[in-house]
Amino acid sequence: MEVIIDRFEGEYAIVEIDEGHFANIPKILLQGAHEGDVIKIIIDKDSTKKRKQHITKLMNDLFED
């Protein structure tokens with residue numbers, strides 16, 4: 001998904017999702033970005049899977065008999 005930074009207000013970037021639809025994103029997540037920049041939002045399935053495996057391993061190690 002791509003969104004476009006419309007403007008900044010306080011601690012938020014107001015991004016255009018679709019024509020006429022907007023959302024707020026905390027500015028801290030967009031350091032160095034400017035009005036008019038295109039931001040790509042992705043769901044990283046591989047990283048999610050690795051993170052879940054890591055957490056499962058930590059839990060298994062913690063609760064070993």
Side-chain angles (χ1 to χ4, degrees):
M1 167 185 259
E2 292 184 353
V3 300
I4 301 166
I5 298 175
D6 182 67
R7 64 189 180 280
F8 291 96
E9 290 184 2
E11 295 300 313
Y12 293 93
I14 312 304
V15 299
E16 186 172 5
I17 300 169
D18 291 322
E19 195 170 313
H21 294 92
F22 296 86
N24 299 341
I25 297 179
K27 279 188 350 184
I28 195 165
L29 298 176
L30 303 172
Q31 293 181 13
H34 305 296
E35 292 178 3
D37 284 351
V38 175
I39 307 299
K40 292 186 179 188
I41 302 171
I42 63 163
I43 299 172
D44 188 334
K45 299 279 188 185
D46 290 334
S47 292
T48 300
K49 182 179 177 181
K50 288 176 187 175
R51 182 176 178 274
K52 285 181 180 180
Q53 290 171 341
H54 178 71
I55 290 170
T56 299
K57 182 186 179 318
L58 290 173
M59 288 177 53
N60 289 338
D61 291 347
L62 182 64
F63 295 112
E64 264 185 2
D65 289 335

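Predicted model, so just to flag it, every value in this text is computed and none were measured.
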_I14 vs I5, test: side-chain contact (heavy atoms from CB on, under 4.5 Å). Steps then yes/no._
CA-CA 6 Å; I14 312 304; I5 298 175; over 6 Å; no
*asked:* Is there a side-chain contact (heavy atoms from CB on, under 4.5 Å) between I39 and I4? Walk through the geometry before answering.
replied: CA-CA 6 Å; I39 307 299; I4 301 166; over 6 Å; no
*Taking it one step at a time, do V3 and K40 satisfy side-chain contact (heavy atoms from CB on, under 4.5 Å)?*
CA-CA 7 Å; V3 300; K40 292 186 179 188; over 6 Å; no
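Smallest separation of non-hydrogen atoms from E19 and E16: CA-OE2, 3.3 Å. Considering every non-hydrogen atom in both A13 and F8, the closest pair reads CB-CE2, 3.6 Å.
Judged by distance alone, the side chain of D44 and the main-chain N or O of S47 form a donor-acceptor pair under 3.5 Å. Judged by distance alone, the side chain of D37 and the main-chain N or O of H34 form a donor-acceptor pair under 3.5 Å. The main-chain N or O of G10 is found under 3.5 Å from a side-chain atom of K27 such that the two form a donor-acceptor pair.
Atom CG in D18 sits 6.5 Å away from atom CE in M1 (nearest 0.5 Å). One distance of note links CD of E9 with CZ of R7; it measures 4.5 Å at 0.5 Å rounding. The CG atom of L29 sits 10.0 Å away from the OH atom of Y12 when rounded to the nearest 0.5 Å. Rounding to the nearest 0.5 Å gives a distance of 4.5 Å between CZ of F22 and CG of D6. The CD1 atom of I55 sits 13.0 Å away from the NZ atom of K57 when rounded to the nearest 0.5 Å.
For I28, the CD1 atom is loosely surrounded, since the number of other residues' heavy atoms within 6.0 Å does not exceed 12. Atom CD of E11 is surrounded by 12 or fewer heavy atoms from other residues, nucleotides or ligands within 6.0 Å. With a 6.0 Å radius and a threshold of 12 heavy atoms from other residues, nucleotides or ligands, I43 has its CD1 atom at or below the threshold.
In terms of hydrophobic clustering, with Ile, Leu, Val, Met, Phe, Trp and Tyr side chains grouped at heavy-atom distances under 4.5 Å, I41 and L30 are assigned to a common cluster.
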